[in-house]
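Structure first, then comments.
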Amino acid sequence: MKRWRFAFVLGFGSLLSANGQTPPKNPVGHGSEVVAAGRAAFNRMCTGCHGVDGGEGERAPALVGDRRFFRLSEGALYDTIENGIPGTGMMAMGKAIDDGDVWRIVVFIRAMRGSASDTDVQGDAQHGKEIFAGKGGCIKCHTLQGKGGTIGPDLSNVGAEMTLKHLRDSLTSDTPIARGYKPVTVVLINGQTIKGVAKNEDAFSLQLLDYDNHLHLIDKEEVQKEDEGTKSLMPHDYDKQLSKEEFQDLLAMLAKQTREGGHKRIDGDGEVGR
Amino acid sequence: MRALVLATLITSLTAGAQVTDTQLEQPPGQDWLHYNGDYESTRFSTLDQITRGNIGSLVNKWTFHVPGPGGLESVPVVVGGVMYVTQPNAIYAIDGKSGRLIWTYHHLLVKVKDREGPHRGAAVFKDRVYFTTTDDYLFALDAASGNVLWQAKIAETDDGYSSPAAPLIAKGKVIVGISPGDRGLNGFLDAYDAETGKRVWRYEPIPHPGQPGSESWAGDSWEHAGGDTWLTGSYDPELNLLFWGIGNPSPDFNGDVRAGDNLYTECIVALDLETGKMKWYFQFTPHDTMDWDAVEIPILVDAPFNGKTRKLLVQADRNGFYYVLDRVTGEFLHGRQFERSQNWTSGLDAKGRPQRLPGKDPTLTGVKICPSSIGATNWMSPTYDPDTHWFYFVALEGCGIATMNTEKFRPGGYQYRAGGDVLLKDDTWKVSVRALELTSGRQMWETPRVGSTNLGGGLVSTKGGIIFSGESPGEFVALDPKSGQVLWHYNTGQEINAQPMTYMVDGKQYVAIEANSDVFGFALFETQKPGK
C-alpha cells in the first residue's frame with residue numbers, strides 16, 4: 001500500500017513538471033450544492049478504487065486523510081482526474097466523465113480534505129456567535145478568541161484545524177473523549193472531593209483541572225476513590241437542541257475561526273510531496 | 001499529618017494560579033517566577049533543604065522529554081508546583097512533582113523561515129503565562145488550561161527578526177526583546193499591557209538623526225545598525241527602572257562604515273518602566289568590532305562601596321571586564337579585567353572607557369583578538385550569593401583570528417556581519433566557573449569545566465550553600481560557593497546549554513535543568529513506599 005501511495009505522489013509530481021502549464025480554473029464554483037453533486041458523481045465513478053465517499057479504497061488510496069501529499073490545489077486535482085497518473089492505476093478519466101462533473105468531484109474531494117475555514121459554509125456567523133454564548137451554552141466550557149471557559153478545548157483556531165465533517169460530527173455524534181478532557185471525580189483520603197477533567201494521568205499521579213479552572217497535582221497514593229466518566233462532557237445533540245437554522249449558523253461561525261498568523265493544520269492548497 | 005499535607009497541596013495549587021506584583025518582587029523560594037529568579041537577577045534561592053551535608057543524596061526524580069529538535073536553552077518558571085517550559089514555538093505545563101505533562105500549546109508556523117530559534121523561557125503574571133515565538137508573536141495563555149487569551153505581533157519575521165528572550169513582567173507590563181543584531185536590523189525593547197496585549201511603549205537603542213547619540217554614527221550607518229535586546233534584563237521596583245543590555249552594532253566586524261562610538265549598542269541602559277525613556281546608559285565597548293553584545297545579565301545588589309551602601313549594578317561583560325556601576329545614576333565605580341588573555345585594550349580609564357590598543361580591529365587578512373567573538377562570557381546566567389557576597393559566572397579564555405570585509409546590507413533578514421573570526425580552540429581555550437568578590441572583582445576561585453570547548457549553561461545559588469552549574473558535556477554539577485569544590489554531579493547524557501533553577505512543592509525542594517531535549521528534576525532521595 002505504501003508503495004502504491006508513493007507511486008501516486010511521484011507520478012503526479014512528474015506530471016506537473018512535464019506539463020508545466022498553468023492549471024485550468026474551476027468553472028462550476030463551490031458551495032454545498034456543488035459539493036453534493038460532486039459527491040454523487042464521485043460515488044458513481046470512483047468508488048471501485050477509492051471506496052465510497054473516498055473513505056476506503058481497495059485499489060487506490062483513501063482520499064479523506066489529511067496527509068500532506070493529499071493537499072492538492074483544485075487545478076492539480078483536476079489534472080490528476082482528467083489525465084491520470086502514468087505508471088499507476090490512476091487512469092485518465094477525462095473522456096469518461098463530463099468535464100463539469102470532474103470539477104464537481106474536485107470540489108467534493110477538497111471539501112472532504114480542506115479545513116472548515118476553506119469551505120463555503122452557509123449560515124449567519126454573527127448569529128452563530130450569539131448561539132455560542134447563549135442558547136448553545138458553548139462558552140461555559142470553550143474559549144473563543146480569548147474569552148470563555150477552559151474545561152473544553154480552545155476553539156479559536158478550530159476552523160483551520162478541522163474539516164467541516166469533523167466539526168459537524170463533534171456537534172452531533174458521540175465521538176471518543178479527546179485526550180486531556182476525560183471527566184473524573186476524585187475522593188482524597190482526607191475526604192475532599194475534586195471534580196474536573198484529567199489533563200494527564202498515569203498509575204502514580206493525576207493532573208486534574210477542576211471546573212473553577214484550578215489545577216490539582218495529585219499523587220495517586222493520596223486518592224481514596226477515582227471515578228472516570230465514560231461520556232464526554234461535550235453534548236452531541238446540537239442538531240436536536242438547536243433549530244436547523246441555529247445549528248447551521250453555529251457551524252458557519254465555528255468554521256470561520258482561525259488564529260492570526262496560525263498555520264492551517266489541514267490545507268487544501270499545497271505542493272505534492274513533502 | 002497526611003491531612004495537613006493534602007490541605008497544603010490543594011491550597012498551594014489554588015493560590016499558585018494568581019501571581020501578584022508582590023510575589024514577583026520576592027526572592028525565589030517555593031516558586032521560581034522569573035527567567036533569572038528575581039527582578040534583581042541574583043538567581044539566589046532562599047531554599048535550604050538541599051545542603052552541603054545532604055547533597056550526596058540528591059537524585060533524579062523525574063525526566064520530561066520535550067519532543068522536537070532538542071537544543072533547549074530555556075529556564076522553566078514554576079508557580080504553585082506547575083512548571084512552564086518552552087522550546088521554540090511551544091510551551092509545556094508540567095507537574096513539578098512528577099514531571100508529567102498537564103497541557104501543551106504549539107504555535108504552528110506558516111513559513112520555514114519563521115522557525116529560527118532558540119527560545120529562553122516564559123513569564124507569569126496573575127493567572128496567565130506569556131511567551132514569544134520565532135515569528136515574533138507575544139502570546140498570553142491561561143496558565144491552567146493553555147488556552148490562548150491574546151496574541152500580539154512584535155515584529156515582522158520577513159525582515160529577519162525573531163523573539164527568543166523570556167519576557168519580564170513588571171507592574172502589568174510585559175517587556176519583550178528582539179533578535180538578532182547581526183542582520184543590520186535595528187533593535188528595540190517593547191512593553192505590552194499584560195491584560196490586553198496592547199503595546200504601551202517601544203524603546204529604540206539606535207538614535208535617529210538629531211536625537212542624542214546620533215552623532216556617534218557616521219553618515220547613514222544608523223539605518224542598519226543592530227543593537228538588539230535578545231536576553232532578559234533586570235528591574236528595580238523602588239527606582240522603577242529596567243536595566244537592559246544592548247547588543248552589538250552592525251555590521252559586526254567592519255567598523256569602518258560606522259565611525260563613532262555607535263551608541264547605544266554595547267550599553268547597559270536604564271529605562272523608566274512607565275515610559276520606556278532612557279534615564280542613563282553606560283557603554284562597555286564603544287565602537288565594538290568583535291560582536292561582543294553587552295546583553296549579559298546585570299545583577300542588582302545593594303552593598304557597601306567605599307564605606308557607603310549603594311545601589312549597585314554588576315555585570316561581567318563579553319569584552320573581558322567586570323563592572324560595578326551605581327544603578328541610580330549609571331556612574332562607573334569600578335572595573336576589573338577578568339579575562340587574562342584579553343589583548344585589545346590596555347585597561348579602563350577613570351570613567352570605565354576602554355583604552356584601545358592599535359591594530360586590534362579585524363582586518364582583511366586577519367588579526368588575533370582576545371576574547372574571540374564568543375566573548376569572555378556570554379548568555380549563561382551568573383548568580384550572586386549574599387552569604388558569601390561573591391559574584392559567580394561562566395568565563396571563557398579564548399581568542400580568534402578576526403577578519404573583516406566590505407559586505408553590504410541586504411534587506412530581507414540576511415546576515416550583515418562583514419567578517420568573522422576563526423576560533424582558536426587550542427590548549428589556551430578554557431571554560432570555567434569563577435567567583436569574584438562583589439565590589440572589587442577580585443577572583444576568589446576558579447573551577448574548570450572539562451570536556452568541551454563550549455560554554456555550557458549558567459548558575460544558580462541557594463541558601464543551602466550550593467551553586468548548581470550545567471556543563472556543556474552534560475554534567476550537572478554542584479559546587480561549594482566558598483571554594484568551588486565539586487560536591488556532587490550527575491551525567492544527564494546530553495549537552496547542557498540552559499540555566500538551572502530550584503523550587504519547592506509540598507515541602508520538597510527540587511532542582512531542575514534542561515539538557516538537550518529533556519528537563520530533569522532532582523530532589524533528595526527518599527525510600528519509596530510499596531504501591532497500593
Side-chain angles (χ1 to χ4, degrees), chain A residues 141-157 160-161 179-181 186 188-194 196-224 226 258-267, chain B residues 2-7 9-10 12-17 62 79-83 93-111 114 127 133 135-137 139-153 157 196-197 505-506 528-532:
Chain A
C141 296
H142 294 282
T143 299
L144 194 69
Q145 307 303 340
K147 293 190 174 69
T150 55
I151 207 77
D154 187 338
L155 299 181
S156 308
N157 199 40
E161 293 171 354
R179 183 178 168 82
Y181 298 98
V186 170
L188 302 178
I189 288 171
N190 70 350
Q192 184 180 2
T193 300
I194 308 171
V197 293
K199 301 307 288 181
N200 202 357
E201 182 179 27
D202 63 11
F204 312 103
S205 70
L206 166 67
Q207 291 72 37
L208 187 153
L209 179 65
D210 72 20
Y211 296 130
D212 293 323
N213 201 35
H214 296 139
L215 285 169
H216 300 267
L217 312 180
I218 299 169
D219 292 332
K220 284 289 180 75
E221 62 183 31
E222 307 294 350
V223 174
Q224 186 187 125
E226 179 182 356
T258 58
R259 180 167 288 129
E260 176 197 342
H263 189 45
K264 290 171 185 168
R265 194 174 66 81
I266 305 162
D267 196 347
Chain B
R2 176 172 271 175
L4 181 63
V5 168
L6 287 170
L9 167 77
I10 302 306
S12 67
L13 294 174
T14 303
W62 55 260
V79 185
V82 180
M83 172 181 283
I94 302 169
D95 180 340
K97 292 191 297 181
S98 66
R100 299 282 295 174
L101 177 70
I102 300 170
W103 56 256
T104 181
Y105 177 76
H106 286 257
H107 173 62
L108 299 176
L109 300 168
V110 176
K111 290 169 285 188
D114 293 341
D127 56 356
T133 64
D135 62 344
D136 304 295
Y137 282 98
F139 273 88
L141 307 179
D142 176 73
S145 64
N147 287 2
V148 177
L149 301 175
W150 54 256
Q151 63 188 96
K153 189 72 170 165
T157 321
T196 64
V505 195
D506 290 351
Q528 288 192 22
K529 288 172 276 187
K532 288 194 289 186

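The figures that follow rest on heavy atoms only: side chains count, while hydrogens, waters and symmetry mates do not.
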Chain B contact via A:D202 - which portion, at a heavy-atom distance below 4.5 Å: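 Looking at A:D202, backbone and side chain both touch chain B.
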Of A:L144, A:N213, A:T150, A:L155, the residue whose pairing with B:N147 passes side-chain contact (heavy atoms from CB on, under 4.5 Å):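 Among the candidates, only A:T150 passes.
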Non-hydrogen side-chain atoms of A:T143 and B:D142 separated by less than 4.5 Å: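 Answer no - side chains too far apart.
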Rounded distance [0.5 Å steps], [atom1] in [X] versus [atom2] in [Y]:
X	Y	atom1	atom2	answer
A:L209	B:W103	CG	CH2	11.0 Å
A:L206	B:S98	CG	OG	9.5 Å
A:E161	B:L108	CD	CG	7.0 Å
B:F139	A:R259	CZ	CZ	6.0 Å

Shortest non-hydrogen contact between B:I102 and A:K199, atoms and distance: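 Looks like O-CB, 3.2 Å.
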Nearest atoms (heavy-atom pairs only) where B:A144 meets A:L215: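 Reported closest heavy-atom pair: O-CD2, 3.5 Å.
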A:K147 atom NZ, neighbour heavy-atom count above 12 within 6.0 Å: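 It does not: A:K147 NZ has 12 such atoms or fewer within range.
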Exam field: side chain B:D95 to backbone A:L217, donor-acceptor pair closer than 3.5 Å: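 No, because the side chain of B:D95 does not come within donor-acceptor range (under 3.5 Å) of the backbone of A:L217.
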Donor-acceptor contact present, side-chain B:R100 to main-chain A:E201, <3.5 Å: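 Yes.
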